[in-house]
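The structure appears below as structure tokens.
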Amino acid sequence: MKVNTNGRDIEVTIDGFCLEDTLDCGQSFRWEKNKDGSFSGVAYSRVLTISQHGNKLIFKNTSSDEFETLWKVYFDLETDYSHIKSFLCSDKTIKSACSYAGGIRILRQDSWEALCCFIISQNNNIPRIKGIVSRLCENFGKELESGIFSFPDPQDIFDGGIEALDVLRAGFRAGYLYDAARKVLNGEVNLEEIKTMPIEDARTTLMKIKGVGPKVAECALLYGFYRVEAFPVDVWIKRALHYFYADGFPKEYESVGGIAQQYIFHYIRTCEDAIPDEYKKQVRQKKAPPKVPQR
DNA sequence: ACCCAGGCGACGA
DNA sequence: TCGTCGCATGGG
């Protein structure tokens, strides 16, 4: 990685990184693509516009200090992914996933934000998750720039009472979000302590929150606590496990299972011919309810 | 119109 | 402990 300062822009030369895949692979819901191909978003209450041209990233309107202390870390630029990938790619499925979109990195997102976003994600689709998260920020966050809002703290979400969350149109998830805010505020769930807990204890603690089950806990740990051994299993990963790993996911990869999971998830969800169409239907878990003729 | 979404809690067997 | 069902809302 090579870093150049150019006025208020920072130019970074880096290989094996894909901005679009990283921001659009279902790990973060706060980045929007602009007409010119750049992306704008907020992390840790800082606003950024960023674009990629070949192996150059351009961080707009930041400072070298902010780049060093925030964005370099957020985008995980100092981790050697080529090393991790050459290890993981001894598996042929992961190898296919990496040749399809191997430029993905795991973002080091804020713990509270990731927890909330993945509470909202349950039984929901990505465009709608983005909408709810966006309304959450607009209504409860602080305005950082005109029309751009921070992610609200637990207090901001708790203060108006649960009825105030109606504006989110989050359905049954509103109560879950409110319970998360309450338990973080009263110390029942201490996010700072979770950062240093053994992962089993971290899981158990997160699951004290109503609406946080195994899957949401794994997502929070992977994306909000950078626990790359966390392995979220949703319907897509279930399909992958059935189709590619009938004998189980290889133990040797467990220490970086979350990273492997991210490549596989993005691959089978967005690559047309990753797995057969019939197989997708076959594994869909919802079955037709027996139609009982009324009257 | 219809199916389903990066699931979970409640409930019954 | 395990399988099933309802849940709110709206994107495609």
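Per chain, numbering begins at 1; letters A, B, ... match sequence-line order.
- The separation between Arg239(A) atom CZ and dG6(B) atom P is 10 Å, rounded to whole Å.
- As rounded to whole Å, 21 Å separates atom P of dT9(C) from atom CD1 of Ile126(A).
- Stacking between Trp236(A) and dG6(B) is absent: the ring centroid is not both under 5.5 Å from the six-membered base ring centre and under 30° in plane angle.
- Checked by distance alone, Arg128(A) brings a side-chain donor or acceptor within 3.5 Å of a matching partner on the base of dT9(C).
- Using a 4.0 Å heavy-atom cutoff across all strands shown, Glu218(A) reaches no nucleic acid atom at all.
- Criterion: ILVMFWY side-chain heavy atoms under 4.5 Å apart, direct or through other members. Under it, Ile129(A) and Val212(A) are part of a common hydrophobic cluster.
- Ring centroids of Tyr81(A) and Tyr263(A) are separated by 6.0 Å or more, keeping the two rings apart.
- Under 3.5 Å, the side chain of Arg169(A) and the base of dA8(C) form no donor-acceptor pair of N or O atoms.
- A distance-only check finds no donor-acceptor pair linking the side chain of Lys2(A) to the backbone of Val12(A) [under 3.5 Å].
- The interatomic distance linking Ile129(A) (CD1) with dA8(C) (P) rounds to 18 Å, in whole Å.
- Going from atom CD1 of Ile132(A) over to atom C1' of dA5(B) covers 11 Å, rounded to whole Å.
- Using a 4.0 Å heavy-atom distance criterion, Gly26(A) is classed as a base contact.
- Checked by distance alone, Tyr223(A) brings a side-chain donor or acceptor within 3.5 Å of a matching partner on the base of dG6(B).
- Not less than 6.0 angstrom separates the ring centroid of Phe149(A) from the ring centroid of Phe140(A).
- Not a single donor-acceptor pair, N or O on each side, falls under 3.5 Å between the base of dG9(B) and the side chain of Gln122(A).
- Summarising the geometry, the separation between CG on Asn123(A) and P on dG6(C) is reported as 13 Å, rounded to the nearest angstrom.
- Remark: C1' of dC8(B) and CG of Asn124(A) are 13 Å apart, rounded to the nearest angstrom.
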